[in-house]
Amino acid sequence: MDFAIEDQHAHDPVPGIDFRAQLNDEQYAAVTAEPGPLLVLAGAGSGKTRTLTYRVAWLLSQGVRPGEVLLLTFTNKAAREMLHRVQELTGIEPRRFWGGTFHSIGHRALRMYGDAVSLERSFTILDAEEAERLVKQVVESQDKQFFKDKTNPRAGPLSDILSLARNTQLSVGQTVERYFPHYADIAGRLPAFAVAYEKRKREQKVCDYDDLLELWLGVLKSSPEVAAYFSHRFRHVLVDEYQDTNTLQAQIVDTIASHHRIMAVGDDAQCIYSWRGANFENIITFPERHPGTAIHRIETNYRSTPEILNLANGVLMAQPKGRHFDKELRAARGHMEKPFVVQAMDDREQAEFIVKRVRALHEDEGASLNSIAVLYRSHYIAVETQIALARAGIPYHITSGVKFFERQHIRDLVALLRFVYNPSDEQAWERIAVLLPRVGEKGAQKIHAAAAGFARTTQRNFLDVLDAGEVVAKVARDARAEWEKLAVSLRQVAEAMQTGRPADAVETAIEGWYGDYLKGAYADYSDRLEELSALVGFAQRFEETQDFLAQILLLNSETSDRHVDPDSEAIKLTTVHQAKGLEYDVVFVIGLADGQFPSRRSVEAGDVEEERRLFYVAVTRARNELYLCYPKIASRPGPGGMVNTPSRFLLELSPALYQELKIRRITPW
């Protein structure tokens, strides 16, 4: 193997930088620290990226060659921005560094030394769609019946399971138990698929996205010479957002940084991506894995007011002792008002409060709509807010996905309800029918024509002839087992429409064929099921099915932003996960009731600590004003009945940290 050092440039002189003048005391101490294991705990809004960038510049100023620095980030954009800033500071071009995402650096490493794990250097990389297709082929070659059971995960969700198992270094069985419990009954069948998938990739000389990490680590473990080369090559390893590393990434970093000249920059209080594989233990146990670690805290916050930071510190104080690093954010700004805690009667009143306050901020106080955000734990919590904003004519953008009534599973279920209410609605029928195996648009049309014709001839109800031989003959052979279940489910929904209210029909539809379809179609089945349950709550407003369906159509039209200029002013609606790294002048955090935030599933699974960190991320997005809102009455009954309990994260806070804001009661719609 060729272990030649690639960067043969002599050390370039670095122009004088006044590090002391450019950095605050905390940043300066971290940037100029002696080489060794360094853990930089950078609080929200404290200048983390600035610290990391100046650390690179400092190393260069001390005689370190660019090629001796490895900078690992989670996005290529972050790497480009940092290295561009380094060039501005030092004049050294980004191409002289090894800097980028874990996956991009893994790809470079495998091109050089993939033969250590029997990977030919001419390998090609599958995109996500191609990898899913290969998984599907492998499974069908092993078990032709597997995908015919619609409750089994399809190729997409199955790929997600196998991917998460690899990144967390858990067995497939452990991964299903922890993250995908709805597939527990078939967990024992999945390891064989994983083995066959790996074998097929090697036969075809291809890699998927996860191989770029897994095989890179394999090279480092199987070849001490390569591991020693990388350790010698990269005398300084810098890692951004270290709290988001998964088990594979942490092992790669530890192996390359066996010399312990590593700077890990992150914030344990912002570790919120365990569902993607991020391992909280990586940052907590960093000092144990790198003896002699010097911990630097960057706690001066340039974003938020002292009052908002006092509340954020209160959130951190509620963490269990010994399971976090102590830190206390300090404001660099002047005083403003304390955050507000707002109790609304229900979701609609919560939404109306937001509308009234946004209007006042924008029209009376001159605030830009772009500077206002509404944050929530899960999509379904924002349904009423979307409706209220649309009706008030206040433009908004959802930065974390499509709007509620446009989400695929919501539209599917609404189409099913439309068809049951009106079997002549061929557009609704086609949306449902094509979900069956081997049924396309033309096939759906033929089935509908056959059923309509047979119903006319026999003078029977459309739904009652779906299992007639003349109709079944038009159904693709692979879809016939599901067809029978779909026909039964449609009739059950029709009966619920006739004998109950619209909410009963929605629940019946969820519990029937479509609920089974959902389970196999999406890895995030539980989240989507929760959103469908929110549709039940919405349906409870109505006595008649036609009113319910008409209202959804009208709301879809009202809330659609297909024709809204994405660059125009609009408030932002987003999940807290998607808001990490962003900031706004005014933030509303809604749905702060136990069972919503923290979510019911996290409470039942004992994952409350990550939810508390998520709440901390939410409150630290606010610069000037923060409103913490919760509805007193639930939109549909839960374990505690119709009355919500305020989030435990609110109850843990000292009342001295916030002020209660009373809503003047308004007339419901």
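As a basis for the values below, the full set of heavy atoms in this structure was taken, side chains included, without hydrogen atoms, waters or symmetry mates. Residue numbers start at 1 and run along the sequence shown.
Contact record, Thr168 with Gly277: CG2-CA, 3.8 Å, taken as the closest heavy-atom pair. Minimum interatomic distance between Ala496 and Ala505 (heavy atoms only, all atoms of both residues): CB-CA, 3.8 Å.
Looking at heavy atoms from C-beta onward, Cys207 lies in side-chain contact with Leu119 at the 4.5 angstrom threshold. Side-chain contact between Ile125 and Asp208 is absent, with no heavy atoms from C-beta onward closer than 4.5 Å. Looking at heavy atoms from C-beta onward, Gln408 lies in side-chain contact with Arg431 at the 4.5 angstrom threshold. Between Ser274 and Asp607, the closest side-chain pair of non-hydrogen atoms is not below 4.5 Å. Side-chain contact between Gln251 and Thr247 is present, with at least one heavy-atom pair separated by less than 4.5 Å. For the pair Val206/Lys201, a side-chain contact is recorded, criterion being any heavy-atom separation below 4.5 Å from C-beta on. The shortest side-chain heavy-atom distance between Leu529 and His409 does not fall under the 4.5 Å cut-off. Using a 4.5 Å cut-off on side-chain heavy atoms (C-beta onward), Leu213 and His103 make contact.
Remark: side-chain polar atoms of Glu198 are not paired, donor with acceptor, to backbone N or O of Val195 under 3.5 angstrom. His448 contributes a side-chain N or O that, together with a main-chain N or O of Pro423, makes up a donor-acceptor pair within less than 3.5 Å. Side chain of Ser599 to main chain of Ser602: a donor-acceptor pair is present (N/O by atom type, distance under 3.5 Å, no hydrogens or angles). Put simply, the side chain of Ser231 never gets that close to the backbone of Ala257: no donor and acceptor are under 3.5 Å apart. At distances below 3.5 Å, not a single donor-acceptor pair connects side-chain atoms of Asp467 with backbone N or O atoms of Val472. A donor-acceptor contact shorter than 3.5 Å links the side chain of Thr458 to the backbone of Phe454. Of the possible polar contacts, one joining the Asn152 side chain to the Phe146 backbone as a donor-acceptor pair under 3.5 Å is found. Side chain of Lys519 to main chain of His182: a donor-acceptor pair is present (N/O by atom type, distance under 3.5 Å, no hydrogens or angles). Using modelled atom types, no side-chain atom of Ser223 and backbone atom of Val219 make a donor-acceptor pair closer than 3.5 Å. Without hydrogens or angle criteria, Arg121 side chain to Met112 main chain gives a donor-acceptor distance under 3.5 Å.
Ring centroid separation for the pair Tyr514 and Tyr517 comes in under the 6.0 Å cut-off. A centroid separation of less than 6.0 Å is found between the aromatic rings of Phe419 and Phe462.
Within 6.0 Å of CZ on Arg289 lie more than 12 heavy atoms contributed by other residues, nucleotides or ligands. Other residues, nucleotides and ligands place no more than 12 heavy atoms under 6.0 Å from the CZ atom of Arg438. More than 12 non-hydrogen atoms from other residues, nucleotides or ligands lie less than 6.0 angstrom from CD of Glu203. Remark: Glu530 CD is packed, more than 12 non-hydrogen atoms of other residues, nucleotides or ligands lying under 6.0 Å away.
For the pair Glu531 and Arg407, the salt-bridge criterion is met [side-chain N within less than 4.0 Å of a carboxylate O].
Note that CD of Glu281 and CD of Glu288 are 9.0 Å apart. Values are rounded to the nearest 0.5 Å. Taking CG of Asn282 as the start and CG of Asn246 as the end, the distance is 7.5 Å to the nearest 0.5 Å. Atom CG of Leu573 and atom CD of Gln386 lie 6.0 Å apart (nearest 0.5 Å). Rounding to the nearest 0.5 Å places NZ of Lys580 at 6.0 Å from CD1 of Ile272. Note that the CH2 atom of Trp483 and the CH2 atom of Trp513 stand 10.0 Å from one another [nearest 0.5 Å].
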Evaluation steps, salt bridge (charged side-chain N to carboxylate O under 4.0 Å, His left out), between Arg166 and Asp211: CA-CA 9 Å; Arg166 295 164 68 190; Asp211 283 321; 2.6 Å; yes
Verdict with reasoning, Tyr183 to Leu190, per side chain to side chain contact (heavy atoms under 4.5 Å, CB included): CA-CA 10 Å; Tyr183 297 136; Leu190 305 187; 5.5 Å; no
Verdict with reasoning, Leu134 to Gln204, per side chain to side chain contact (heavy atoms under 4.5 Å, CB included): CA-CA 10 Å; Leu134 187 58; Gln204 297 185 9; 3.8 Å; yes
Criterion salt bridge (charged side-chain N to carboxylate O under 4.0 Å, His left out) on Lys485 and Asp516, from CA distance to verdict: CA-CA 10 Å; Lys485 296 174 184 176; Asp516 289 341; 6.0 Å; no
Derivation and outcome, salt bridge (charged side-chain N to carboxylate O under 4.0 Å, His left out), residues Arg601 and Asp527: CA-CA 10 Å; Arg601 282 203 315 280; Asp527 291 334; 2.4 Å; yes
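Arg202 forms no cation-pi arrangement with Phe123, by the criterion of a distance under 6.0 Å to the ring centre and an angle within 45° of the ring axis.
For the residue pair Ser171/Gln174, the side-chain donor-acceptor check at 3.5 Å is satisfied. For the residue pair Glu430 / Gln445, a side-chain donor-acceptor distance below 3.5 Å is found, with atom types taken as modelled.
The aromatic rings of Tyr273 and His577 sit tilted relative to each other, their planes meeting at an angle between 30° and 60°.
Sorted by first then second residue, the side-chain hydrogen bond (donor to acceptor under 3.5 Å, both in side chains) pairs that include residues 127-137, not counting sequence neighbours, are Lys136-Glu140.
Among the candidates Asp524, Val172, Ile161, the single residue satisfying the side chain to side chain contact (heavy atoms under 4.5 Å, CB included) test with Phe180 is Ile161.
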